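Quantities reported herein were computed from a predicted structural model and do not represent experimental measurements. All chains are named by letter (A, B, ...) in the order of the sequence lines, taking the proteins before the strands, and each is independently numbered beginning at 1.
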2 protein chains.
Amino acid sequence: MAKDDKGEGQTGGIQSLDAALRLLGAMMEHRGPVSLSELARECRMPPSKVHRYLASFQRAGLVEQAGRSGKYDLGPGAVTLGLSALARHDFVNRASDALPDLCTESGLTALLSVWGNQGATVIRWERAASPTVTSMGLGTTLPLLNSATGRAFLAWAPQAPLQAIRAAEIRGARKNPAIAPDLAPTERDLEKLVGTIRAQGYASVEGKFIPGLVAIAAPILDWQGEAQAVVTLIGTDPGVVQPGSEAVARLVAFCKELSFAPMTLADAK
Amino acid sequence: MAKDDKGEGQTGGIQSLDAALRLLGAMMEHRGPVSLSELARECRMPPSKVHRYLASFQRAGLVEQAGRSGKYDLGPGAVTLGLSALARHDFVNRASDALPDLCTESGLTALLSVWGNQGATVIRWERAASPTVTSMGLGTTLPLLNSATGRAFLAWAPQAPLQAIRAAEIRGARKNPAIAPDLAPTERDLEKLVGTIRAQGYASVEGKFIPGLVAIAAPILDWQGEAQAVVTLIGTDPGVVQPGSEAVARLVAFCKELSFAPMTLADAK
DNA sequence: AGATTGTTTTCCATATTATGCAATGCTTTT
DNA sequence: AAAAGCATTGCATAATATGGAAAACAATCT
């Protein structure tokens, strides 16, 4: 195959693994199932090569073949791997463990989300007894502007990844005003919205994402003051979004508890 | 290198990739960072090999070196990958697509339900060729105790939300014994019922909700082990509810196929 | 129908690429 | 200081991945 280019200054590694991971990356960029030949074209690999790699991935459960369409997609093993990686960050574990308590104490449905996959992704949720909705499962990607969760990320998440997404969603919202009817998503309005959210310490939304529902969301902050995750409470009573409400108090306390707290001098040993 | 084991019956694939994925699997099992040599020992690989593989993984962001301790850990790329995969696993859609197959193969009417609106709600159904049923349309809310579907949710759905609903329905059933004529819905009986259902892997009902009809139901589980949806088969022949029946086998296999399955780590010894 | 195009999958000879070992730095322990 | 453990790099060998061709399979058009 005449690999003439020696431009690779990379230190040791496995070339076949690099190719395999390039393949995985390509699969990730697609939102859904991809055909083998399409992958081959994108990665500039012969189909036979792609086929063999996919066979190995498939054995490990990282990819799977969707139905009988023959197309390939990321599989459950990838989820396991990702959640395992996520679990290394202890705030995820602590928040997951405490989520049921928050749910029962508040009587509301509680969600734990992290930023990933170009959106706020729900990784854990605890349903309340009261009649809320379903169809909001794990892995749901919440909209940035019209969900309390998304807004909390907008206000507290790392800038870099959000800038682009934000811009994209603003364009989308402008084209489709039904998505954000009462929000004129100019840069100025966004700044104002973010300012308001940060000032009051939590984000809220009434019936935007799902009519009839209200939600409040607060961030779990790391040592840099950026949102590592967002906790959301969903209910039906409009009262819960009010600044003084018990639900707000509980939510904010919960997140503060889990957020990074600078060491006090008294702790010095 | 004298690979004596010919135990590999596996079809085509990349051996080095298999080794790499075995490595990833080993890293997954550790809760935190691992040293290179430790990995090498566990996977029975020479350290140099492990080092080269890790270099490739690191370049892709799948693993990273924790601080300057030199230990390796799963990295942000793994999280991204997992979240991307998580978003694709829309159980409801996948089940919807596959439902017609289940229907034709089993010759029975198939139902797909999710939890919502204080009950098991039918969101998709596929009628069997034989003209049995029924007046059951989309959006029908099935009773919790007297339908196979409801019972499956009872057995596998998240505890917290169901406790209340369950209690409410018990009260209702007591007031209206026609709904649950042969079931004394005490807490003890409920526990026993749930235990039986979980033990046999599916819920069944004979002629309770609709006289003359029998039904079996099994859950589609997410990675939390909770029922995201329930698939139900309805027929007239009492034989289908028997544990060994073909219908039961098909149903359970169907749900298992759609349920979340963790990553398999190939331990070819 | 049959023909045609586009897939996915298997086979095989070749040499590219991964391999294990040994040697080298590098850090931590005795 | 010496020793032990670990991470990293070089090297010759052969084991392994490679691309092309062709077989199996599916879908679309004439």
How many Å lie between CE on A/Met45 and P on D/dG20, as a whole number? 14 Å

Strictly under 3.5 Å: I want the nitrogen or oxygen pairs between protein and nucleotides 3-8 of chain C, one per line.
{"residue": "C/dT7", "atom": "OP1", "partner": "A/Arg41", "partner atom": "NH2", "Å": "3.2"}
{"residue": "C/dT7", "atom": "O5'", "partner": "A/Ser37", "partner atom": "OG", "Å": "3.4"}
{"residue": "C/dT8", "atom": "OP1", "partner": "A/Leu36", "partner atom": "N", "Å": "2.8"}
{"residue": "C/dT8", "atom": "OP2", "partner": "A/Ser37", "partner atom": "N", "Å": "2.6"}
{"residue": "C/dT8", "atom": "OP2", "partner": "A/Ser37", "partner atom": "OG", "Å": "2.9"}

Taking only residues two or more places apart in sequence or in another chain, which ones pass side chain to side chain donor-acceptor pair (under 3.5 Å) with B/Glu246? B/Arg250

Rounded interatomic separation in angstrom, taking CG from A/Leu17 and P from D/dT18: 11 Å

Length of the line joining A/Gln15:CD and D/dA17:C1', which is rounded to integer Å: 10 Å

Do A/Ser16 and B/Ser16 have side-chain atoms, one donor and one acceptor, less than 3.5 Å apart? yes

Whole angstroms only, please: what is the CD1-C1' distance between A/Ile14 and C/dT16? 13 Å

Run the side-chain donor-acceptor check on residues 23-33 of chain A: report pairs under 3.5 Å with partners two or more places apart or on a different chain.
{"residue": "A/His30", "atom": "NE2", "partner": "A/Glu42", "partner atom": "OE1", "Å": "3.1"}
{"residue": "A/His30", "atom": "NE2", "partner": "A/Glu42", "partner atom": "OE2", "Å": "2.7"}
{"residue": "A/Arg31", "atom": "NH2", "partner": "A/Gln118", "partner atom": "OE1", "Å": "3.4"}

From OH of B/Tyr53 across to P of D/dT8 the rounded distance in Å is 17 Å

Between P of D/dG19 and CZ of A/Arg44, the distance in whole Å: 14 Å

Counting only heavy atoms not in A/Glu257, do more than 12 fall under 6.0 Å of its CD? no

Rounded to the nearest Å, what distance is computed from the CG atom of residue B/Leu54 to the C1' atom of nucleotide C/dA18? 15 Å

Within a strict 4.5 Å, meaning less than it, do heavy atoms of the B/Val122 and B/Leu142 side chains meet? yes

B/Lys49 atom NZ is separated from D/dT8 atom C1', nearest whole Å, by 17 Å

Can you name the residues that form a ring-ring contact (aromatic ring centres under 6.0 Å, His included) with A/Phe57, not counting sequence neighbours? none

Verdict with reasoning, A/Ile220 to A/Val230, per side chain to side chain contact (heavy atoms under 4.5 Å, CB included): CA-CA 6 Å; A/Ile220 296 176; A/Val230 163; over 6 Å; no

Can you find a pair of side-chain heavy atoms, one from A/Val92 and one from A/Ile123, that are under 4.5 Å apart? yes

What interatomic distance, in whole Å, is found between P of C/dC12 and the corresponding atom of C/dT8? 23 Å

Sequence neighbours excluded, the answer for side-chain contact (heavy atoms from CB on, under 4.5 Å) partners of A/Glu64 is A/Pro76, B/His89, B/Arg94

Could you go through nucleotides 21-24 of chain C and list every protein N or O atom that sits under 3.5 Å from one of its N or O atoms, giving the distance for each pair?
{"residue": "C/dC21", "atom": "N4", "partner": "B/Ser48", "partner atom": "OG", "Å": "3.2"}

